[in-house]
There are 2 protein chains.
Amino acid sequence: MDAVNTCANSSCPDDIVAECAALMAREGYHGTSMRDLARGTGRSLSGLYHHFRSKEELLYLINERGFSSLLANAARLRDAYRAQPPRSREARAASAALLCDLIGAHLGYFGSHLNEMRVLTFGTQPMSSAHGDAIRALKLRYAEIVQFAVGEYIAARRAPAASDEIERKSYLLFGMMNWIFGWYSFDEHGSVEALAEEIYMTFTKGCAAPRPATTQDA
Amino acid sequence: MDAVNTCANSSCPDDIVAECAALMAREGYHGTSMRDLARGTGRSLSGLYHHFRSKEELLYLINERGFSSLLANAARLRDAYRAQPPRSREARAASAALLCDLIGAHLGYFGSHLNEMRVLTFGTQPMSSAHGDAIRALKLRYAEIVQFAVGEYIAARRAPAASDEIERKSYLLFGMMNWIFGWYSFDEHGSVEALAEEIYMTFTKGCAAPRPATTQDA
DNA sequence: TTGCGGACCGAACGTTCGTTCGGCCGAGGG
DNA sequence: CCCTCGGCCGAACGAACGTTCGGTCCGCAA
């Protein structure tokens, strides 16, 4: 008789989660059946149920692991930024570096987990309230870090922006980064690093900004 | 004996399409059943089938009408731009106005057809090849107009950009505009017009650009 | 060697899916 | 007056859905 654990099933191997995410990335959560997942992972239908309790828990696992990883990277970058001595004359460069690093981390994780990210971005909706709340909390904490960086960047360059303006601008940045799932392919559009640089430049300087040989900000 | 028409069923009233789009916007195409649509539109299950031949044709109708409308607006703006006498000293202002108007038209249509737009942006995938090709063609023509505007804007301000850079920058712009579906609500985030202005400014000047009282470009 | 537990499977459960069929009804032209 | 026809419906079809159950296999500790 197990204690009912309404939260995570941490015993599920990462590779199964990743394979299922790859399959769900094509047709979405509702469009991919458990039988599709069984066939795609070379397992039987009932064999899958030894690794997670339900299809919805699988969706939760994909989301939970993805956002936890993104959040850990972002929190590390923010903490490093905060640990710097606050010399005001370097505030512009430091806030620019934080923003640039966050964009690079987001797209970097994305580059190596493209399938999971496709699932993450399209649809927290079909999750139960308990799981949905946990994922929304992770998303919120992640978004707060990006908003902090955007706020710091703007504050170092002009009068600090109101929190709702920072929120909207951060959403625009997320839009640029996440919309990539619809069109990016390595062969056609170059490396993820170059794309991160282009997003950083477009978001901070506008689309007509010249491309520098190295990232330079002043 | 009808001639088999593999394409549109133009006899379906707009309001039914709009109601179905509103329902599909919540849980997506696969997540919304024909019974959900019947209940939601106050009709019977089989009654729906007198307006379209299949669920997939309904998805096609939502996409076809939405993108046709977007495309018509965009083409009108582009033609007006091209009809202007090419006085080079006004090229900067004219290309800025075109870009600003296109963003305004995209978000304006969006503001009055939010539910349809949610369906449009998430998923051309589950469509048959015949329908899918038709929608992809509409999307392509629409994207080409936006790319034209981005190219003109950049060319009027610095050395013309390569076509692949214009393509990427246009995708970033689409990302800012379309990601809105995930978070926008009129009550919290103000009018669509103000948001269009903010996207235009961020895309052209960067996130730290000051907000002018009126749109001014030089 | 025996016993155990986790990984895995085939077969089936009840439900819901998209779609079809035959018939009802009320407005409108002859 | 009747007849037609488009809009609409209840009931049902076979297929596919998520999930469960009993059993098989195999590595490993005792």
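Throughout, a chain's letter reflects where its sequence line sits, starting with A, and its residues are numbered from 1.
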(message) I need a per-nucleotide contact map over nucleotides 4-9 of chain D, read 5' to 3'. Cutoff is protein heavy atoms under 4.0 Å; write B for the base, S for backbone only, - otherwise.
(response) ----BB
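Side-chain contact check for A:His106 and A:Asn178: at least one donor-acceptor pair (N or O, by modelled atom type) lies under 3.5 Å. Between the side chains of A:Glu56 and A:His131, a donor-acceptor pair is found at a separation under 3.5 Å. Side chain to side chain, A:Glu64 and A:Ser68 meet the donor-acceptor criterion of an N or O pair below 3.5 Å.
Remark: B:Arg65 is not positioned above the aromatic ring of B:Tyr60, lacking an NZ or CZ atom under 6.0 angstrom from the ring centre and at most 45 degrees off the axis. In this structure, B:Arg168 fails the cation-pi test against A:Tyr184, since its NZ or CZ atom is not both closer than 6.0 Å to the six-membered ring centre and inside 45 degrees of the ring normal.
Note on ring orientation: taking the six-membered ring where Trp is involved, the planes of A:His113 and A:Tyr109 are parallel (angle under 30°, cut-offs 30° and 60°).
Two rings, from A:Phe181 and A:Phe110, have their centers less than 6.0 Å apart.
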Considering only nitrogen or oxygen atoms on both sides, find all protein atoms under 3.5 Å from nucleotides 14-17 of chain D and state each distance.
{"residue": "D:dC17", "atom": "OP1", "partner": "A:Ser33", "partner atom": "OG", "Å": "3.3"}

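B:His30 has its NE2 atom 12 Å from the P atom of D:dG18, to the nearest Å. Atom CD in B:Glu57 sits about 15 Å away from atom P in C:dG18, given to the nearest Å. At whole-Å resolution of the value, CZ in A:Phe52 and C1' in D:dG18 are 11 Å apart. Between the CG atom of A:Asp15 and the P atom of C:dA7 there is a distance of 12 Å, given to the nearest Å.
The line from OH of A:Tyr81 to CG of A:Leu102 is 11.0 Å long, rounded to the nearest 0.5 Å.
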